[in-house]
A.B. asks: 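My questions all concern the structure below.
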Amino acid sequence: MAETKYTFCRICEAGCGLKLSVDNNRIESIEPDVNHINSKGYACIKGLSLDKFIESPDRLTRPLKRVGKDFVSIGWDQALEEISVKMRDIHRQYGGQSIAAYTGNPIGFSLWPNTAVQGFLKGFGSDKLFTVGTLDCSNKFAVADRMYGSFAHQTFPDIGETQMLISVGSNPKISKMSFIALPYPMEKIGAIEKRGGEVVWINPRKTESAKACGRHLPIRPDSDVFFMLGFLHELIRQDGVKHDRVARYMEGYQELAALAGPWTAERVEQVSRVSAIDLKSLVERYIKADGAVIYSSTGVNQGRFGMLAFWLQEAINAISGNLDKRGGSLMGRPPISFPDKTREPKFSRINNTPYITAGIPTGILADEILTPGEGQVKALFVVAGNPVMACANSDRLGEALNQLDLLVSIDLYRNETANHADYVLPGLHFLERADVPFFFMSAMGLMPEPYFHYTDAVLAPPGEARDEALILRQILRKSGFSFFGSRLLQSASNLGEKLSGLPGCKDGMAERFYGLITRSGKLGGLSQLRKYPQGQPLDPNQPGDYLGQRVGTDSKKVQLAPAEFVALAQNLERFFEQDVADKRLKLIGKRERYSHNSWTHNVSGFVKGQRNSNYLYIHPDDALQRQLAEGDLAEVCANGKCIQLPVRLDSDFMPGTVSVPHGWGHQRADGLSIAKNTQGANVNLLASDGPDSIEPISGMSQLNGIPVEIRRVAASGTGNSTGHN
Ligand SMILES: Nc1nc2c(c(=O)[nH]1)N[C@H]1C(S)=C(S)[C@@H](COP(=O)(O)OP(=O)(O)OC[C@H]3O[C@@H](n4cnc5c(=O)[nH]c(N)nc54)[C@H](O)[C@@H]3O)O[C@H]1N2
Ligand SMILES: Nc1nc2c(c(=O)[nH]1)N[C@H]1C(S)=C(S)[C@@H](COP(=O)(O)OP(=O)(O)OC[C@H]3O[C@@H](n4cnc5c(=O)[nH]c(N)nc54)[C@H](O)[C@@H]3O)O[C@H]1N2
Ligand code: SF4
Ligand SMILES: [Mo]
């Protein structure tokens with residue numbers, strides 16, 4: 001008989017509650033959970049289509065081993081044995097630091113397997129964890145670390161109370177936001193206007209969100225840092241600084257103000273294309289609003305200066321009195337405390353590139369593999385990731401992966417990265433594992449309405465699919481090493497493994513781990529949490545509880561002008577001159593309702609009709625100059641590489657801006673029977689990698705604002721106008 005199960009979606013940060021009807025380990029129906037504490041009956045098409053991803057005929061159910069160009073299915077014993085033998089050899093020959101891991105976005109939503117990856121690496125004596133954070137948000141970690149004393153001190157807009165939201169480089173209607181758990185964001189953002197407040201979108205594109213509410217101010221891609229400098233200049237000029245608050249709770253104001261000196265609204269307009277009149281009036285309204293906040297997301301993060309732009313944004317919110325204020329920006333209060341102090345700074349052997357939080361920038365992954373010497377990466381474990389689609393300069397990365405002595409992919413499917421792998425191991429879908437909310441909620445408290453919940457696994461894994469954490473621990477043990485390098489933890493791990501070998505038993509480590517951290521977080525442990533599968537409320541946010549109380553810096557004051565940022569900001573003059581003169585088209589991304597990075601194109605309903613490809617979006621004026629018409633095949637070139645795509649004319653984009661959604665170009669994905677037959681091209685073939693291409697300190701890759709050249713290849717209907725790579 002069908003059973004009703006309450007759980008939550010772990011595809012994006014909204015974390016929507018879901019009500020499933022499960023019969024005989026099959027999902028009969030999925031509904032949004034109307035009684036879920038936070039999402040209250042909201043869920044999007046991806047969450048409501050989970051069954052299609054779980055039950056796909058392409059789902060991996062047994063380990064695969066490469067034999068020549070093909071993969072053959074093998075048993076777990078053989079897979080683990082062979083991989084462990086190889087690992088022992090690699091460790092003996094090249095040392096622990098030759099072993100690395102790349103954790104993709106989906107596994108980021110599950111604390112236990114993520115922790116296990118760290119224990120796995122540490123067990124081998126390695127700290128080489130490549131993190132997708134350097135593709136979307138490590139600029140925010142670097143800033144929080146310097147300004148607030150911990151990477152985990154992240155702010156979020158008080159959407160429910162604010163009188164003015166300035167949203168820079170985000171599109172909540174499609175992406176559901178980042179660094180805030182906000183299901184149904186457009187309803188909550190729309191309510192700002194309804195209560196007499198204001199919403200402003202700073203974006204090169206008039207997005208779906210900007211069409212739904214608020215006012216749109218187009219900005220030239222990758223000029224946000226100048227926009228922020230102009231904003232800061234105006235804020236000071238218009239006397240919008242709360243000097244008493246600054247004096248009490250902050251340090252570095254004079255240096256910050258000195259920096260803003262030259263950046264008048266008129267000057268900034270030349271590069272951002274936001275008119276001086278608009279900027280001045282925006283700042284005036286920001287000062288007047290009782291509770292205003294600037295928020296930014298990947299549109300800013302993925303530019304050349306994401307870290308500096310975010311620093312300036314935070315400084316503006318702080319000195320205007322909006323940080324830690326009702327209706328301004330709030331500092332999360334995490335339900336679970338993790339060690340959040342930045343540990344000893346670490347540097348990669350590649351150009352001394354700094355590590356960021358616990359990881360290394362993906363932008364130097366190829367270099368770490370290709371550069372000989374001690375610590376050269378020889379073995380890579382990719383857990384729930386697709387680096388050859390997601391990372392910059394995909395071709396070079398693909399070539400680098402081919403040089404590895406061992407590449408293991410642990411995934412639901414055989415994706416494009418698996419084309420370079422020696423073994424592909426079947427992992428779990430999130431419905432097949434226990435979880436607590438995403439790290440940003442659990443450990444950073446980025447929740448407008450704080451809550452907590454725990455879910456058990458609601459489905460048993462198909463075939464021989466196995467918990468990622470167990471796989472890694474088994475490889476570690478068989479290779480002769482211990483979890484986190486600790487005998488005690490290894491004994492616990494061995495016990496879990498033994499149990500999992502008994503019929504009907506589970507490893508149980510995930511549950512024990514969540515039990516431990518929820519008890520230490522005073523959340524009552526699992527038996528308590530199981531009583532509230534639809535979520536338990538936590539104490540509401542309290543504006544005013546951060547400044548002077550919880551700031552993590554040595555002086556307990558917010559650092560407005562960290563020396564490293566000020567030094568980097570001095571170079572902006574030079575970039576400004578260059579950018580003013582730069583008339584090239586700038587390429588940006590575009591997230592789509594039916595795409596989630598690279599992994600939702602293997603479901604037929606998601607790629608039907610025109611949705612079976614990505615496109616080159618271009619403003620009609622820019623198209624005309626290049627004799628391009630709708631449906632033509634165009635070539636987009638940058639950094640000496642080109643891709644071809646069908647053209648879509650779109651006047652929602654600011655002239656001078658073109659866009660190509662990422663995550664496409666699956667033609668070589670033999671393990672993805674539906675995605676393989678889609679069209680389109682991988683835009684990350686165009687982005688640069690290497691130590692000189694990433695942002696200093698934050699390690700962010702530049703994926704937005706890339707200068708490109710475009711030319712027509714074939715007119716609509718005359719050639720193959722459905723792109724390829
Ligand atoms: N040009 C450009 N590039 C971008 C971006 C952009 O905006 N523009 N965005 C970047 C961003 S924000 C991100 S986060 C990265 C994402 O980068 P990645 O995480 O490397 O890429 P995904 O496409 O999300 O691939 C996820 C893989 O995990 C698998 N998977 C899903 N769930 C599970 C699970 O529970 N267990 C296991 N074992 N596997 C699972 C999927 O099958 C898929 O193969 O891409 C980045 N790349
Ligand atoms: N449907 C869907 N939802 C997703 C994802 C997905 O792939 N599909 N991915 C998830 C992931 S991993 C993440 S990290 C989040 C990201 O969530 P968001 O950060 O909200 O991502 P986007 O929707 O790509 O919004 C970025 C916006 O920045 C704009 N932009 C581009 N360049 C610039 C610039 O130089 N300056 C400014 N000001 N704006 C710019 C773009 O036009 C775009 O509207 O979304 C998550 N949600
Ligand atoms: S909005 Fe995000 S969390 Fe909610 S159902 Fe959609 S993908 Fe899942
Ligand atoms: Mo992301």
Side-chain angles (χ1 to χ4, degrees), residues 7-18 30-33 36 38-39 42-50 104-106 108-109 131-138 140 166-185 201-210 216-228 272-274 294-306 309 313 390 430 437-438 440 586-601 606 617 652-654 657-659 661-663 702-706:
T7 185
F8 55 92
C9 180
R10 280 149 269 175
I11 296 179
C12 86
E13 295 174 42
C16 301
L18 299 173
I30 309 176
E31 289 168 44
D33 178 2
H36 184 266
N38 196 37
S39 57
Y42 178 79
C44 81
I45 183 71
K46 288 172 290 176
L48 298 175
S49 310
L50 286 179
N105 170 275
F109 288 81
T131 148
V132 285
T134 53
L135 299 170
D136 65 4
C137 66
S138 58
K140 293 192 172 183
I166 303 176
S167 176
V168 193
S170 90
N171 187 9
K173 185 151 188 192
I174 298 301
S175 303
K176 312 296 183 287
M177 299 184 78
S178 189
F179 281 69
I180 181 169
L182 199 71
Y184 212 171
W201 306 98
I202 311 288
N203 199 309
R205 170 172 179 245
K206 184 156 193 175
T207 60
E208 295 82 352
S209 309
H216 173 223
L217 288 180
I219 186 168
R220 169 100 166 133
D222 205 18
S223 68
D224 303 275
V225 72
F226 300 109
F227 169 83
M228 296 290 180
S272 71
R273 315 277 166 88
V274 176
I294 315 181
Y295 160 86
S296 59
S297 197
T298 57
V300 176
N301 303 350
Q302 295 170 336
R304 280 168 305 170
F305 307 111
Q313 168 200 300
F430 62 75
F438 180 44
F440 288 8
K586 297 252 177 145
L587 174 71
I588 65 168
K590 180 176 177 298
R591 282 186 158 70
E592 304 165 305
R593 191 179 300 280
Y594 288 90
S595 297
H596 203 84
N597 297 319
S598 78
W599 68 283
T600 51
H601 301 143
F606 279 43
Y617 295 86
D652 289 337
F653 287 91
M654 185 183 186
T657 306
V658 293
S659 174
H662 72 286
Q702 188 191 351
L703 304 172
N704 263 328
I706 300 170

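In listed order, ligands and their atoms are each counted from 1.
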A.B. asks: Hey, is ligand 2 close enough to S297 that some N/O pair sits below 3.5 Å?
C.D. replies: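 Yes: some nitrogen or oxygen of S297 is under 3.5 Å from one in ligand 2.
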A.B. asks: side-chain contact (heavy atoms from CB on, under 4.5 Å) for H662 and R591? Distances and angles first, verdict last.
C.D. replies: CA-CA 8 Å; H662 72 286; R591 282 186 158 70; 3.7 Å; yes
A.B. asks: For ligand 2, find out whether one of its N or O atoms is nearer than 3.5 Å to an N or O atom of D222.
C.D. replies: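 Looking only at distances, the answer is yes, because the N/O contact criterion of under 3.5 Å is met.
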A.B. asks: Provide the number and element of each atom of ligand 3 under 4.0 Å from a heavy atom of G47.
C.D. replies: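 Checking each atom against G47, I get 5 (S).
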A.B. asks: In a check of side-chain contact (heavy atoms from CB on, under 4.5 Å) between D224 and each of V168, N704, V274, N301, which one passes?
C.D. replies: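 Among V168, N704, V274, N301, the one that satisfies the side-chain contact (heavy atoms from CB on, under 4.5 Å) with D224 is V168.
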A.B. asks: Do R10 side-chain atoms and F109 backbone N/O form a donor-acceptor pair below 3.5 Å?
C.D. replies: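 Side chain of R10 to backbone of F109, a donor-acceptor pair under 3.5 Å: no, none is there.
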A.B. asks: Which atoms of ligand 2 are found less than 4.0 Å from any heavy atom of T207?
C.D. replies: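 Answer, ordered by atom number: 44 (O).
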A.B. asks: Any donor and acceptor pair, going by atom type alone, linking the side chain of N38 with main-chain N or O of P183 inside 3.5 Å?
C.D. replies: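 Side chain of N38 to backbone of P183, a donor-acceptor pair under 3.5 Å: no, none is there.
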A.B. asks: Within a distance under 4.0 Å of any heavy atom of E592, pick out the atoms of ligand 2 and give their elements.
C.D. replies: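 Going through ligand 2 atom by atom, the ones under 4.0 Å from E592 are 1 (N), 2 (C), 8 (N).
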A.B. asks: Taking only heavy atoms of I588 into account, list the atoms of ligand 2 that are under 4.0 Å away from them.
C.D. replies: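 Numbered from 1, ligand 2 contributes 31 (C), 32 (N), 42 (O).
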A.B. asks: About how many Å separate OG1 of T657 and CZ of R220, when rounded to the nearest 0.5 Å?
C.D. replies: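 Atom-to-atom, R220:CZ and T657:OG1 are 6.5 Å apart.
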A.B. asks: I'd like to know if the side chain of H601 reaches the main chain of F606, judged simply by a donor and an acceptor atom lying under 3.5 Å from each other, with no hydrogens or angles considered.
C.D. replies: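 Such a contact is absent between H601 side chain and F606 backbone.
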A.B. asks: Short list, please: which atoms of ligand 3 are under 4.0 Å from a heavy atom of K176?
C.D. replies: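 This gives 1 (S) as the contact atoms.
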A.B. asks: If you count the atoms of ligand 2 from 1 in the order shown, which ones are under 4.0 Å from a heavy atom of I174?
C.D. replies: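 By the 4.0 Å cutoff, the relevant atoms are 1 (N), 2 (C), 3 (N).
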A.B. asks: Taking only heavy atoms of D224 into account, list the atoms of ligand 2 that are under 4.0 Å away from them.
C.D. replies: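 Selected atoms, number and element: 34 (C), 35 (O), 36 (N), 37 (C), 38 (N).
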A.B. asks: I need the nearest protein heavy-atom contact for atom 26 (C) of ligand 2: residue, atom name and distance, please.
C.D. replies: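 Nearest protein contact, heavy atoms only, for atom 26 (C) of ligand 2 is G169 O, 3.3 Å.
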A.B. asks: Answer yes or no: does an N/O atom from I202 fall short of 3.5 Å to an N/O atom of ligand 2?
C.D. replies: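 Between I202 and ligand 2, an N or O pair is found under 3.5 Å apart.
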A.B. asks: Does an N or O from N171, backbone or side chain, lie closer than 3.5 Å to an N or O of ligand 2?
C.D. replies: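 Yes; at least one N/O pair falls below 3.5 Å.
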A.B. asks: Using modelled atom types only, decide if a donor and an acceptor are shared between the side chain of E13 and the backbone of F440 within a distance under 3.5 Å.
C.D. replies: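 Side chain of E13 to backbone of F440: no pair is present.
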A.B. asks: Keeping the roles fixed (side chain from S659, backbone from I588), state whether a donor-acceptor pair exists under 3.5 Å.
C.D. replies: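 Indeed, once roles are kept as given, a pair shorter than 3.5 Å links the two residues.
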A.B. asks: State whether the shortest distance between N or O atoms of S178 and N or O atoms of ligand 2 falls below 3.5 angstrom.
C.D. replies: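 No, S178 has no N/O under 3.5 Å of an N/O on ligand 2.
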A.B. asks: Which residue owns the protein heavy atom closest to atom 33 (C) of ligand 2, what's the atom, and how far is it?
C.D. replies: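 The closest heavy atom on the protein side is G299 O, 3.3 Å.
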A.B. asks: Taking the minimum heavy-atom distance to atom 6 (C) of ligand 2, which of G663, S175, S595 ranks first?
C.D. replies: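 The option holding the nearest heavy atom is S595.
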A.B. asks: Return yes if a side-chain donor-acceptor contact under 3.5 Å exists between N171 and S209, otherwise no.
C.D. replies: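 Note: N171 and S209 side chains meet the donor-acceptor criterion.
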A.B. asks: To the nearest 0.5 Å, tell me how far E208 CD sits from K590 NZ.
C.D. replies: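 The distance works out to 5.5 Å.
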A.B. asks: Which word best sums up how the rings of Y42 and Y184 line up, parallel for under 30°, tilted for 30 to 60°, or perpendicular for over 60°?
C.D. replies: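 Correct class here is parallel.
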A.B. asks: Polar contacts were defined as any N/O atom of the residue lying under 3.5 Å from an N/O atom of the ligand; does this apply to H662 and ligand 2?
C.D. replies: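 Min N/O separation from ligand 2 is not below 3.5 Å for H662.
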A.B. asks: Under the 3.5 angstrom rule, does the side chain of Q302 hit a backbone N or O of L135 as a donor-acceptor pair?
C.D. replies: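 Answer holds: yes.
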A.B. asks: Among L217, I294, V300, which one satisfies side-chain contact (heavy atoms from CB on, under 4.5 Å) with I202?
C.D. replies: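 The single option meeting the side-chain contact (heavy atoms from CB on, under 4.5 Å) with I202 is L217.
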A.B. asks: Starting from atom 2 (Fe) of ligand 3, find the nearest protein heavy-atom neighbour and note its residue, name and distance.
C.D. replies: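 Ranking protein heavy atoms by distance from atom 2 (Fe) of ligand 3, first comes C12 SG, 2.3 Å.
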A.B. asks: Report the nearest protein non-hydrogen atom to atom 7 (O) of ligand 2: residue, atom name, distance rounded to 0.1 Å.
C.D. replies: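 Of every protein heavy atom, N597 N, 2.9 Å lies nearest to atom 7 (O) of ligand 2.
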A.B. asks: For H596 and W599, take the angle between the two ring planes, folded into 0 to 90°, and tell me which bin it lands in: parallel under 30, tilted 30 to 60, perpendicular over 60.
C.D. replies: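 It falls in the perpendicular class, over 60°.
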A.B. asks: For atom 43 (C) of ligand 2, find the nearest protein heavy atom and state the residue, atom name and distance (0.1 Å precision).
C.D. replies: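 I find the closest protein heavy atom is N203 ND2, 3.7 Å.
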A.B. asks: Which of the numbered atoms in ligand 3 are below 4.0 angstrom from a heavy atom of I11?
C.D. replies: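 Per the distance check, 7 (S).
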A.B. asks: For the residue pair L182 and P185, what are the closest heavy atoms and their distance?
C.D. replies: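 So the minimum-distance heavy-atom pair works out to O-CD, 3.2 Å.
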A.B. asks: Can you check side-chain contact (heavy atoms from CB on, under 4.5 Å) on V132 and N597, steps first, answer last?
C.D. replies: CA-CA 12 Å; V132 285; N597 297 319; over 6 Å; no
A.B. asks: I'd like to check whether T298 has a polar contact with ligand 2, where a contact means an N/O of the residue lying under 3.5 Å from an N/O of the ligand.
C.D. replies: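 There is such a contact, yes.
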A.B. asks: CD1 of I174 to SG of C12: how many Å apart, nearest 0.5 Å?
C.D. replies: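 Reported to 0.5 Å precision, the distance equals 11.5 Å.
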A.B. asks: For atom 5 (S) of ligand 3, what is the closest protein heavy atom, and at what distance to 0.1 Å?
C.D. replies: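 Result: C44 N, 3.3 Å.
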A.B. asks: Would you mind listing which atoms of ligand 2 come within a distance below 4.0 Å of any non-hydrogen atom of S170?
C.D. replies: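 Numbered from 1, ligand 2 contributes 20 (O), 25 (O), 26 (C), 27 (C), 28 (O).
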A.B. asks: Show the atoms of ligand 2 that are less than 4.0 angstrom away from any heavy atom in V168.
C.D. replies: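 Contacts of ligand 2 toward V168, numbered from 1: 38 (N).
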A.B. asks: With atom 3 (N) of ligand 2 as the reference point, say which of K46, R304, R205, K173 has the nearest heavy atom.
C.D. replies: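 Nearest option to atom 3 (N) of ligand 2, by heavy atoms: K46.
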A.B. asks: Below 3.5 Å, N or O to N or O, backbone or side chain included: is there any such pair between D136 and ligand 2?
C.D. replies: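 Such a contact does not occur with ligand 2.
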A.B. asks: Any N/O/S atom, backbone or side chain, of C9 lying under 2.8 Å from atom 8 (Fe) of ligand 3?
C.D. replies: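 Here the distance criterion (N, O or S atom, under 2.8 Å) is met by C9, so yes.
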A.B. asks: Between atom 4 (Fe) of ligand 3 and C16, is there an N, O or S atom separated by less than 2.8 Å?
C.D. replies: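 Under 2.8 Å: C16 contacts atom 4 (Fe) of ligand 3 through an N, O or S atom.
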A.B. asks: In this structure, does ligand 2 have an atom that sits under 4.0 Å from one of the heavy atoms of P204?
C.D. replies: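 P204 counts as a contact of ligand 2 under the 4.0 Å cut-off.
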A.B. asks: Honestly, is K140 close enough over Y295, meaning NZ or CZ under 6.0 Å from the six-membered ring centre and within 45° of the axis?
C.D. replies: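 Yes, a cation-pi geometry holds between K140 and Y295.
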A.B. asks: Could you tell me whether ligand 3 has any atom less than 4.0 Å away from a heavy atom of G15?
C.D. replies: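 Contact present.
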A.B. asks: Looking at ligand 2, does H596 have a heavy atom less than 4.0 Å from it?
C.D. replies: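 In this structure, H596 qualifies as a contact of ligand 2 - some heavy atom is under 4.0 Å.
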A.B. asks: To check your reading of the model: name the closest protein heavy atom to atom 5 (C) of ligand 2, its residue, and the distance in Å.
C.D. replies: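 Minimum-distance protein heavy atom for atom 5 (C) of ligand 2 reads R591 NE, 3.2 Å.
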